[in-house]
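Just so it is clear, the values below take in all heavy atoms, side chains as well, and ignore hydrogens, waters and symmetry mates. All of these numbers come straight from a predicted model, not from anything done at the bench. To find a chain, count down the sequence lines: A is the first, B the second, and so on, and within it residues start at 1.
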Protein chains: 2
Amino acid sequence: MLYTVSEENYIKAIFHLQGDEGMVTTNALSAELQTRPASVTDMLKKLKTKKLLVYEKYQGFRLSAEGRKVALGIIRRHRLWEFFLSEKLRFSWEEVHEVAEQLEHVTSVKLIDKLDEYLGYPRFDPHGDPIPDRNGKIATHERICITAIPPDHPMEVCHVGNQSPELLDILRHNHIAIGTYLSVRKKFSFDNSLEVCTANGPAFVLSEAVAKHVWMKKIDTI
Amino acid sequence: MLYTVSEENYIKAIFHLQGDEGMVTTNALSAELQTRPASVTDMLKKLKTKKLLVYEKYQGFRLSAEGRKVALGIIRRHRLWEFFLSEKLRFSWEEVHEVAEQLEHVTSVKLIDKLDEYLGYPRFDPHGDPIPDRNGKIATHERICITAIPPDHPMEVCHVGNQSPELLDILRHNHIAIGTYLSVRKKFSFDNSLEVCTANGPAFVLSEAVAKHVWMKKIDTI
DNA sequence: AAAATCATTTAGACAAATCTAAAAAAATAT
DNA sequence: ATATTTTTTTAGATTTGTCTAAATGATTTT
Ligand SMILES: [Mn+2]
Ligand SMILES: [Mn+2]
Ligand SMILES: [Mn+2]
Ligand SMILES: [Mn+2]
């Protein structure tokens with residue numbers, strides 16, 4: 001029932017690498033976790049013994065139903081802590097992940113459920129990623145990339161698909177964060193850049209490289 | 001600069017066992033940590049190498065100045081989290097310790113300083129124990145045992161020297177917690193029990209065994 | 001002061017998580 | 001269809017933290 005920090009990190013990484021139905025490879029996981037392939041193989045055997053993994057050697061692997069459940073628990077803890085750090089302790093957007101990497105391994109069901117309640121049952125973390133509820137259920141935004149929305153229809157930023165400091169630097173420079181309202185003024189087909197603006201702010205340009213990571217949803221009406 | 005969870009648990013336990021000036025023995029530490037004396041000896045060698053310990057074999061040991069500094073950092077984290085759990089997440093008094101045992105090992109200076117700020121720089125944890133500030137300084141209550149206060153002088157409960165569920169059961173039954181105002185009505189020299197009462201509540205009796213763990217301070221005048 | 005007891009350390013083992021180097025299997029190219 | 005390359009696994013070693021059993025040092029009793 002309880003897993004080591006190392007096991008949890010493997011489980012979480014496998015969850016993120018496997019899509020729906022997909023298989024994960026030893027090399028991909030070793031790259032993700034910055035370990036050697038041989039270490040991955042060792043851990044795969046252990047996770048298979050614990051029935052968290054569907055794995056035959058040389059055939060790739062993916063989480064079992066139980067493994068997925070464990071992964072969602074870890075992700076729930078990670079994202080709830082990210083929300084706490086951002087919302088309550090005023091950590092900036094890009095600082096929360098590293099600290100949450102540690103906090104996610106504190107295992108107390110009561111702690112997490114009380115934290116969830118204290119935070120008001122948030123459904124999305126500061127990066128716009130969904131927070132699984134205590135049953136592992138995750139909400140999904142009806143979201144659309146800013147490159148695909150029609151001109152002059154304001155929508156709300158709900159997700160940023162890349163959290164590198166470099167991208168966040170551009171977004172912050174333009175005062176774009178989760179929850180910002182934006183509308184597209186013009187699309188330039190030459191380089192697929194966009195001219196966008198906030199409700200009453202100045203217009204500015206997003207390159208295609210930036211825009212493809214910015215996702216929008218309908219503005220909440222209540 | 002960074003220590004393992006195990007090292008931190010040893011350092012903290014040594015800090016609690018050594019008074020001012022005192023030496024700690026291998027057996028005492030092994031009892032405290034529920035390990036074998038041989039394991040303690042192994043760790044002592046390691047902590048000595050890291051200059052956290054003053055230790056010559058067969059002679060007992062105590063923390064070096066650096067070791068004490070590390071211990072105060074761990075205790076700061078532990079007690080700030082206990083305060084958070086109690087104050088913000090509404091954990092009951094006796095539940096906080098176990099969860100704080102895990103949270104104390106999350107090492108991010110920024111996290112702890114922000115948490116401290118968020119909590120309003122509390123100086124005492126839910127058990128009335130002092131929380132070291134970021135320089136390791138700890139406040140001290142001018143406190144006195146309830147067995148020693150004069151009759152009919154209301155004072156405030158500021159510390160409970162034993163946190164067993166059994167004692168906490170009695171205290172909760174009598175609605176006594178940190179911050180409760182109590183005065184002693186009568187002392188019975190036969191068994192050293194006390195009749196005490198709250199401001200407008202009924203009188204009740206505390207046995208000597210209970211009373212000796214209940215510590216009082218002057219009522220704050222602001 | 002020697003014997004008995006108690007506390008502490010040493011010696012050797014083990015599990016967990018990692019590594020390097022070599023072997024084996026699978027995939028790709030010729 | 002072979003040969004070559006890539007991926008994965010195995011074999012054996014290392015570090016950390018723990019253990020048991022035996023040896024040694026310190027203390028207490030007689
Ligand atoms: Mn994250
Ligand atoms: Mn992690
Ligand atoms: Mn505690
Ligand atoms: Mn601890």
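Counting to the nearest Å, the P atom of C:dT8 and the CD atom of B:Glu56 are 15 Å from each other. Rounded to whole Å, the distance from CD on A:Glu7 to P on C:dA16 is 9 Å. For A:Met23 and D:dT7, the CE to C1' distance is 15 Å, given to the nearest whole Å. Rounded to whole Å, atom C1' of C:dT9 lies 15 Å from atom CG of B:Leu53. Taking atom NZ of A:Lys45 as the reference point, atom C1' of C:dA15 lies 15 Å away to the nearest angstrom. The CG atom of B:Leu47 sits 13 Å away from the P atom of C:dT9 (whole-angstrom rounding). Note: CG (B:Leu44) to C1' (C:dT9) measures 10 Å, nearest angstrom.
In this structure, the side chain of A:Arg79 does not engage the main chain of A:Pro132 through any donor-acceptor pair within 3.5 Å. At least one donor-acceptor pair under 3.5 Å links the side chain of B:Asn162 to the backbone N or O of B:Ser164. With A:Asp125 contributing its side chain and A:His127 its backbone, the two residues share a donor-acceptor pair below 3.5 Å. The backbone N or O of A:Thr4 sits less than 3.5 Å from a side-chain atom of A:Glu7, completing a donor-acceptor pair.
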So if I define the base as every atom that isn't primed, P, OP1 or OP2, how would nucleotides 18-26 of chain C read as a B/S/- string at a heavy-atom cutoff under 4.0 Å? BBB---BSS
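Looking at heavy-atom distances under 4.0 Å, B:Thr26 makes contact with sugar-phosphate atoms alone, never a base. Residue contacts shown for A:Tyr55 are limited to sugar-phosphate atoms, with no base heavy atom under 4.0 Å away.
When ring centroids are compared, B:His159 and B:His213 stay outside the 6.0 Å threshold.
The neighbour count for A:Lys69 NZ, taken as heavy atoms of other residues, nucleotides or ligands under 6.0 Å away, does not exceed 12.
Distances shorter than 4.0 Å separate none of the side-chain N or O atoms of A:Asn27 from OP1 or OP2 on D:dT6.
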